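Worksheet: one structure, shown below.
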Amino acid sequence: MVQNESYCQAKILDGKALAQKIEQQLKTEIATLTPQRGRPPGLAVLMVGDNPASAVYVRNKERACSKVGIASFGKHFPENISQQELERVIDQLNQDPRVDGILIQLPLPSHLDSVALLNKINPDKDVDGLHPINLGRLVRGEEGLRSCTPAGVIALFREYQIELAGKNAIVIGRSILVGKPLALMLLAENATVTMAHSRSQNLAALIRQADVIVAAVGKAELVQPDMVKEGAIVIDVGINRITDSEGKSRLVGDVAFAGVADVAAAITPVPGGVGPMTVAMLLQNTLTSYLKGLS
Ligand code: NAD
């Protein structure tokens with residue numbers, strides 16, 4: 001990648017544009033495959049309760065499915081649904097030949113055991129890559145369905161030809177959804193990976209050593225310009241809603257974008273960076289399991 005000399009304007013890693021490109025390719029592929037195979041790929045998104053943020057995410061996923069020709073088998077359940085009933089639904093979807101992917105929109109209400117539910121999903125339909133079998137495959141470096149957000153980050157690195165081998169990468173945040181699988185994926189790309197978290201000491205000093213910084217914390221503008229090495233690559237996974245000084249609500253990431261963009265060589269915006277890539281990877285995973293199921 002060509003790097004700016006003074007980094008006063010970091011290259012924007014445009015996740016929205018890349019997601020659109022991937023979705024166009026998927027649409028073309030699915031349009032060819034559907035008549036040949038007698039059915040389109042199918043995705044079931046399960047949502048429980050009325051969390052407004054979850055409702056937006058689910059709607060975006062279903063809209064993206066319909067754009068590329070994936071059939072949606074989404075189900076929306078009341079807040080008080082029982083564990084047993086949800087497990088029964090997952091069993092049915094596991095057996096349903098029209099369904100290639102099953103995703104449980106998290107978080108779930110506290111009376112439900114989300115880990116037990118995730119473990120019920122057939123690993124070959126686990127398009128969120130959260131089943132222990134798929135996480136195990138990731139640890140072992142075997143093929144398998146990969147978690148969508150980390151896979152989206154890796155796809156951005158590939159698109160912009162950002163070399164990771166030998167680079168010092170730091171992942172801030174150690175969730176099973178983002179931080180942990182992403183650290184393993186960066187390791188698989190031969191980066192030297194540091195994982196930082198809420199108990200890390202001297203976070204600023206750790207970040208300052210990194211050539212590649214990924215923030216997946218959920219704390220608005222945690223990463224400040226003075227923590228970033230000049231010329232670093234900065235990926236902002238965080239999504240935080242804040243009210244600005246004028247009383248307006250807006251989304252910001254875990255990185256103080258304006259200042260960090262003056263120091264970094266490349267940076268993802270929020271919104272329009274990692275978020276759209278997560279959806280694109282979900283669609284891609286659904287196609288992967290459709291192709292596997294039919295072969
Ligand atoms: P999480 O709450 O499960 O994990 C947060 C992690 O941050 C924890 O591992 C914790 O140890 C670490 N952490 C907390 N405070 C810290 C601090 N002060 N310093 C260093 N580390 C600290 O969150 P998550 O599900 O991994 O999500 C993280 C962020 O990414 C959230 O803002 C979420 O909305 C966003 N997210 C975005 C996408 C996307 O598609 N763009 C997808 C998933 C999550």
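Note that this is a predicted model, so its numbers are computed, not measured. Counting starts at 1 for both ligands and their atoms, following the listed order.
- If you take CD on E142 and CG on N134, they are separated by 10.5 Å, rounding to the nearest 0.5 Å.
- When hydrogens are left out, the protein atom nearest atom 44 (C) of ligand 1 is V178 CG2, 4.0 Å; that is the closest non-hydrogen contact.
- Contact annotation for T149 and ligand 1: only side-chain heavy atoms (C-beta onward) come within less than 4.0 Å of the ligand.
- Near G275, the atoms of ligand 1 lying under 4.0 angstrom from a non-hydrogen atom of the residue are 40 (O), 41 (N).
- A 6.0 Å sphere centred on NZ of K229 holds more than 12 heavy atoms belonging to other residues, nucleotides or ligands.
- Counting the atoms of ligand 1 from 1 in the order shown, those under 4.0 Å from a heavy atom of G173 are 6 (C), 7 (O), 9 (O), 12 (C).
- The number of heavy-atom neighbours closer than 6.0 Å to CD of E143, taken from other residues, nucleotides and ligands shown, is 12 or below.
- When only non-hydrogen protein atoms are considered, atom 24 (P) of ligand 1 lies nearest to S175 OG, 3.7 Å.
- With rounding to the nearest 0.5 angstrom, the CG atom of L106 is 10.5 Å from the CG atom of L46.
- Proximity to G218 (heavy-atom distance under 4.0 Å) selects the following atoms of ligand 1: 28 (C), 29 (C), 31 (C), 32 (O).
- Residue, atom and distance of the protein heavy atom nearest to atom 11 (O) of ligand 1 are S198 N, 3.1 Å.
- Within the 4.0 Å cut-off (strictly below), a protein heavy atom is located near atom 34 (O) of ligand 1.
- Contacts with ligand 1 closer than 4.0 Å are made by no heavy atom of M277, backbone or side chain.
- The shortest N or O to N or O distance between I239 and ligand 1 is under 3.5 Å.
- Within the 4.0 Å heavy-atom criterion, both parts of V217, backbone and side chain, lie near ligand 1.
- Taking a 6.0 Å sphere around CD of E85, one finds it holds more than 12 heavy atoms contributed by other residues, nucleotides or ligands.
- With values rounded to the nearest 0.5 angstrom, L184 atom CG is found 4.5 Å from L138 atom CG.
- Interatomic distance, CG of L108 versus OG of S54, reported as 8.5 Å (0.5 Å rounding).
- Under a 4.0 Å criterion applied to the non-hydrogen atoms of L203, ligand 1 contributes the atoms 19 (N), 20 (C).
- If you number the atoms of ligand 1 from 1 as listed, the ones under 4.0 Å from a heavy atom of K219 come out as 15 (N), 18 (N).
- Residue-to-ligand polar distances keep D254 apart from ligand 1: every N/O pair is separated by 3.5 Å or more.
- For Q201, the CD atom sits in a loose shell: 12 or fewer heavy atoms of surrounding residues, nucleotides or ligands are nearer than 6.0 Å.
- Close approach of ligand 1 to T278 (heavy-atom distance below 4.0 Å) involves ligand atoms 39 (C), 40 (O).
- At least one heavy atom of A216 sits less than 4.0 Å from an atom of ligand 1.
- At a threshold of 4.0 Å, the pair D100-R39 counts as salt-bridged, since one of the basic side-chain nitrogens sits closer than that to a carboxylate oxygen.
- At the top of the distance list for atom 25 (O) of ligand 1, counting protein heavy atoms only, stands L177 CD2, 3.8 Å.
- Not one N or O of Y57 is nearer than 3.5 Å to an N or O of ligand 1, by distance alone.
- With ligand atoms numbered from 1 in the order given, ligand 1 contributes 20 (C), 21 (N) to contacts under 4.0 Å with heavy atoms of I172.
- Looking only at heavy atoms of the protein, atom 41 (N) of ligand 1 is closest to V237 O, 3.4 Å.
- Once rounded to the nearest 0.5 Å, the distance linking CD of E79 with CG of N51 reads 9.0 Å.
- The main-chain N or O of V252 is never found under 3.5 Å from a side-chain atom of E221 such that the two would form a donor-acceptor pair.
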